[in-house]
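Please read all numbers here as calculations on a predicted model, not as lab measurements.
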Amino acid sequence: MRKPILLLMTLVAAVASYAQDLTQVIDKVSPSIFLITTYDADGNEYAKGTGFFINSDGTALSNYHVFQGASKAKIKTADGRVYNVNNVISWSKESDMLKFTIKNELNEKFPSLVIAAAPPKIGERIFIMGNPLGLEKSVADGIVSALRNEDPYGDVIQITA
């Protein structure tokens, strides 16, 4: 697996190609992005972070460090609904990535992000959206400043956002 910045940048590259106003792109992708809150064994809040759906059934990606050491996790979607994380599918501590599913008893369909098949181009405008430290729906923009291959990470997309 790649480092989280690569995951984020791949996501960003997918939406950067839209020839729309940034606010329209944000409106389009924000329903797919959610806040994660993890808890320790005593039920105390442990960490907060960002995740996003990669399919409509509730499979999602986030950072490993948000879950590391936690006993339980919940997500809050952009529309305020709360779901329990019920299954960790895979993870990579080294790449700081974790794939999981949520408890979806009503078989709801969730908006998901499409990950770009090709890397972005140097100079391409991008934006990032997330919930750093629980600050929901934070947005920053920038450009792709370099494409590199770095050991031990593999392909790295350097950004200014």
- prompt: Hey, is CG on L135 packed in by over 12 heavy atoms from elsewhere, all under 6.0 Å?
  reply: yes

- prompt: So how far is it from K121 NZ to I157 CD1, rounded to the nearest 0.5 Å?
  reply: 14.0 Å

message: Whether the S138 and N131 side chains hold a donor-acceptor pair (N or O, under 3.5 Å, no angle test) is what I'd like checked.
response: no

task: Taking the side chain as every heavy atom from C-beta outward, state whether K76 and Y83 have any atom pair closer than 4.5 Å.
output: no

query: Taking D40 for the side chain and G43 for the main chain, is one N or O donor matched with an acceptor at less than 3.5 Å?
result: yes

task: Please check if the side chain of S62 supplies one atom and the backbone of L98 the other of a donor-acceptor pair under 3.5 Å.
output: no

- prompt: Is there a side-chain hydrogen bond (donor to acceptor under 3.5 Å, both in side chains) between Y64 and E94 once you walk through the steps?
  reply: CA-CA 9 Å; Y64 176 86; E94 296 77 26; over 6 Å; no

task: Decide whether I75 and I89 are clustered together by the hydrophobic rule: side chain heavy atoms of Ile, Leu, Val, Met, Phe, Trp, Tyr closer than 4.5 Å, transitively.
output: no

query: Quick check, are the ring centers of F100 and F67 under 6.0 angstrom apart?
result: yes

- line: Looking only at heavy atoms, the pair that brings S112 and S56 closest together is OG-N, 4.0 Å

message: Please find the pair of heavy atoms, one from P120 and one from L147, that lie closest to each other, and give the distance.
response: O-CD1, 3.3 Å

field: Value rounded to 0.5 Å, distance of OG in S95 from CG in N63
entry: 11.0 Å

- request: Would you mind telling me which of L133, T37, I36 makes a side chain to side chain contact (heavy atoms under 4.5 Å, CB included) with K48?
  value: T37

message: Would the distance check show the side chain of N84 and the main-chain N or O of N86 forming a donor-acceptor pair, the cut-off being under 3.5 Å?
response: no

task: Flag the pair D155 and R148 as a salt bridge only when some basic side-chain nitrogen lies within less than 4.0 angstrom of an acidic carboxylate oxygen.
output: no

- request: Check whether any side-chain N or O of Y46 sits under 3.5 Å from a backbone N or O of Q68 as a donor-acceptor pair, and report yes or no.
  value: yes

- request: Report whether L22 and V29 are members of the same hydrophobic cluster (ILVMFWY, side-chain heavy atoms less than 4.5 Å apart, transitive linking).
  value: yes

query: Do T77 side-chain atoms and R81 backbone N/O form a donor-acceptor pair below 3.5 Å?
result: yes

query: Do the side chain of N55 and the main chain of D57 share a donor and acceptor less than 3.5 angstrom apart?
result: yes

- request: Report whether W91 and I102 are members of the same hydrophobic cluster (ILVMFWY, side-chain heavy atoms less than 4.5 Å apart, transitive linking).
  value: yes

query: Between V139 and L113, is there a shared hydrophobic cluster once you connect ILVMFWY residues whose side-chain heavy atoms come closer than 4.5 Å?
result: yes

field: S30 side chain to I26 backbone, donor-acceptor under 3.5 Å
entry: yes

Shortest non-hydrogen contact between P31 and D27, atoms and distance: CD-O, 3.3 Å

query: Is a donor on one side and an acceptor on the other found under 3.5 Å between the side chain of T101 and the backbone of G58?
result: no

field: side chain to side chain donor-acceptor pair (under 3.5 Å) involving N104 - partner list, sequence neighbours excluded
entry: none

message: Quick check: is V85 connected to V82 through a chain of hydrophobic side chains (ILVMFWY, heavy atoms under 4.5 Å apart)?
response: no

- request: Working to the nearest 0.5 Å, report the span between NZ of K99 and OG of S92.
  value: 13.5 Å

message: Between S71 (side chain only) and A41 (backbone N and O only), is there a donor and an acceptor less than 3.5 Å apart?
response: yes

field: Atom pair CG/CD1 of L61 and I54 - distance to nearest 0.5 Å
entry: 4.0 Å

- prompt: What residues form a ring-ring contact (aromatic ring centres under 6.0 Å, His included) with F53, not counting sequence neighbours?
  reply: F34, F110

query: Just how far is it from atom NZ of K137 to atom CG of L35, taken to the nearest 0.5 Å?
result: 10.5 Å

task: Quickly, which of I143, V144, I126 forms a side chain to side chain contact (heavy atoms under 4.5 Å, CB included) with T160? Name it, please.
output: I143

- prompt: Could you give the distance from OG1 (T23) to NZ (K28), rounded to the nearest 0.5 Å?
  reply: 13.5 Å

